[in-house]
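Source: prediction; values computed, not measured.
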Number of protein chains: 2
Amino acid sequence: MKLSANEEYGLRCLVRIGYAGEGGSLTIPEISQAEGVSPSYAAKILRVLRKGGFVKAARGKEGGYTLARPAEAIVIGNVIDALGGRLFESKFCDSHSGQAAICTRSVDCSVRSLWRAVQVAVDHVLSKATLRDLLQNEEDMNSWVRTIPGPAGLRLVQ
Amino acid sequence: MKLSANEEYGLRCLVRIGYAGEGGSLTIPEISQAEGVSPSYAAKILRVLRKGGFVKAARGKEGGYTLARPAEAIVIGNVIDALGGRLFESKFCDSHSGQAAICTRSVDCSVRSLWRAVQVAVDHVLSKATLRDLLQNEEDMNSWVRTIPGPAGLRLVQ
DNA sequence: GCTAATCTGTACTTTATAGTCAAGATTGCC
DNA sequence: GGCAATCTTGACTATAAAGTACAGATTAGC
Ligand code: FES
Ligand code: FES
């Protein structure tokens with residue numbers, strides 16, 4: 001259960017573009033340098049973000065990437081889904097092997113129920129966060145996190 | 001953000017051994033067949049579970065694997081940590097690149113705050129689940145999940 | 001139209017994960 | 001002791017993910 005490189009850098013690139021403000025744009029070399037990844041790799045990641053509909057690209061001189069929508073309309077959960085897929089999806093149980101009593105896939109499996117619960121917990125946080133929320137400093141973000149109803153908010157406070 | 005093969009099969013193997021009951025034991029060929037993985041691979045996974053202190057192995061004829069502790073004393077969160085590591089740990093931000101305003105690693109990063117919140121949400125589910133909880137059918141497990149305070153429980157009900 | 005800056009797409013290389021294999025060590029039983 | 005069933009270990013191969021390279025297409029400005 002790790003973040004993939006796509007997820008880690010993809011989200012950071014998106015935040016970086018968001019920092020450029022309404023209509024502001026950044027080029028691949030700029031993003032690349034800011035995030036400390038190679039231009040080639042940045043291009044690869046930005047392609048995913050573009051295909052996901054989160055950024056728009058302008059070619060040619062004076063080109064660059066800009067947000068496809070206002071930051072508050074970009075839900076982080078959707079971004080992560082585009083960059084790295086979900087932890088648990090319905091087809092998950094079609095792909096793994098094992099027949100007997102536990103994982104009869106689609107009949108009766110307590111493990112599946114647990115994964116589903118974890119996915120719900122993750123979604124609960126990521127579906128509430130928008131890019132707008134990430135365009136603030138860590139302290140403000142921590143305050144925001146505490147506003148999430150439920151444990152994620154509560155326990156972060158310690 | 002995917003489950004690794006270790007996590008997926010490791011947990012299922014552990015549940016399988018749990019099904020053998022108090023003091024009951026299973027051999028690698030048995031586990032392998034039940035879970036539909038090769039004996040070699042089952043052995044590799046069981047080694048991780050053994051080193052994590054979740055199962056004990058007996059060699060020789062009449063050997064096999066058995067739970068190292070009662071099922072209710074095995075917290076699934078710990079099992080997953082042993083099998084696949086955590087989503088977010090403090091050293092996470094030491095390893096990624098990028099210097100400028102967002103990810104100054106350890107100074108001020110809203111993204112980090114979000115990952116931390118996700119980790120907390122995951123822990124909230126996995127730290128409450130024990131192997132005992134998984135030794136029941138899916139319906140009972142769903143009921144159990146609903147007892148988790150907060151969103152994971154609530155939203156699974158739909 | 002030319003040039004330089006930019007994105008786009010595909011193919012490639014490198015590295016990490018997944019999965020296999022075989023030789024060795026331990027134990028119970030006869 | 002000898003045998004067969006079992007776990008243990010490290011090295012090996014295969015596959016997927018991460019990261020790079022490059023040739024092509026688009027655009028602004030002159
Ligand atoms: S059937 Fe998918 S985890 Fe058991
Ligand atoms: S410093 Fe680690 S995610 Fe930004």
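- If you measure from atom CD1 of B/I28 to atom P of C/dT20, you get 14 Å, rounded to the nearest angstrom.
- If you measure from atom CD1 of B/I17 to atom C1' of D/dC7, you get 13 Å, rounded to the nearest angstrom.
- Nearest-nucleotide positions on DNA chain D place A/S4 closer to the 5' end than the other of A/S4 and A/R59.
- A salt bridge is absent between A/K2 and B/E7: the closest approach of a Lys/Arg side-chain nitrogen to an acidic carboxylate oxygen does not fall below 4.0 angstrom.
- Salt bridge present: B/R86 and B/D123 bring a charged side-chain N and a carboxylate O closer than 4.0 Å.
- At whole-Å resolution of the value, NZ in A/K2 and C1' in C/dT17 are 13 Å apart.
- On a pure distance criterion of 3.5 Å, no polar donor-acceptor pair joins the side chain of A/K61 and the base of D/dG29.
- Toward the 5' end of DNA chain D, the nearer of the two residues A/Y41 and A/E62, judged by each one's closest nucleotide, is A/Y41.
- A/I76 pairs with exactly one of A/D81, A/L134, A/T130 by the side-chain contact (heavy atoms from CB on, under 4.5 Å) rule, that one being A/L134.
- Comparing atom distances between the B/T27 side chain and each of C/dG9, D/dT6, C/dC7 picks out D/dT6 as nearest.
- Atoms NZ (B/K44) and C1' (D/dA11) sit 10 Å apart, rounded to a whole Å.
- Note: CD (A/E35) to C1' (D/dG19) measures 16 Å, nearest angstrom.
- Interatomic distance, A/M1 CE to B/I80 CD1, rounded to the nearest 0.5 Å: 6.0 Å.
- Note: OH (B/Y65) to P (D/dA5) measures 18 Å, nearest angstrom.
- Distances shorter than 4.0 Å separate some side-chain N or O of A/S38 from OP1 or OP2 on D/dT20.
- For the OP1/OP2 pair of C/dC7 and a distance below 4.0 Å, the side-chain nitrogens and oxygens of A/R50 include no atom meeting the criterion.
- For the pair B/L3 CG and C/dT17 P, the computed distance is 15 Å after rounding to whole Å.
- For C/dG9, one of the phosphate oxygens OP1 or OP2 lies less than 4.0 angstrom from a side-chain nitrogen or oxygen of A/R47.
- Under the 4.5 Å side-chain heavy-atom criterion for ILVMFWY residues, no single connected hydrophobic cluster contains both A/L14 and A/V75.
- Among the nucleotides D/dA18, D/dC7, C/dG19, the one closest to the side chain of A/A5 is D/dA18.
- Atom pair A/I45:CD1 and D/dT20:P shows a separation of 10 Å (rounding to whole Å applied).
- If you check every strand for non-hydrogen atoms under 4.0 Å, A/S40 touches a base.
- Between C/dT17 and B/Y9, no contact under 4.0 Å exists linking OP1 or OP2 to a side-chain N or O.
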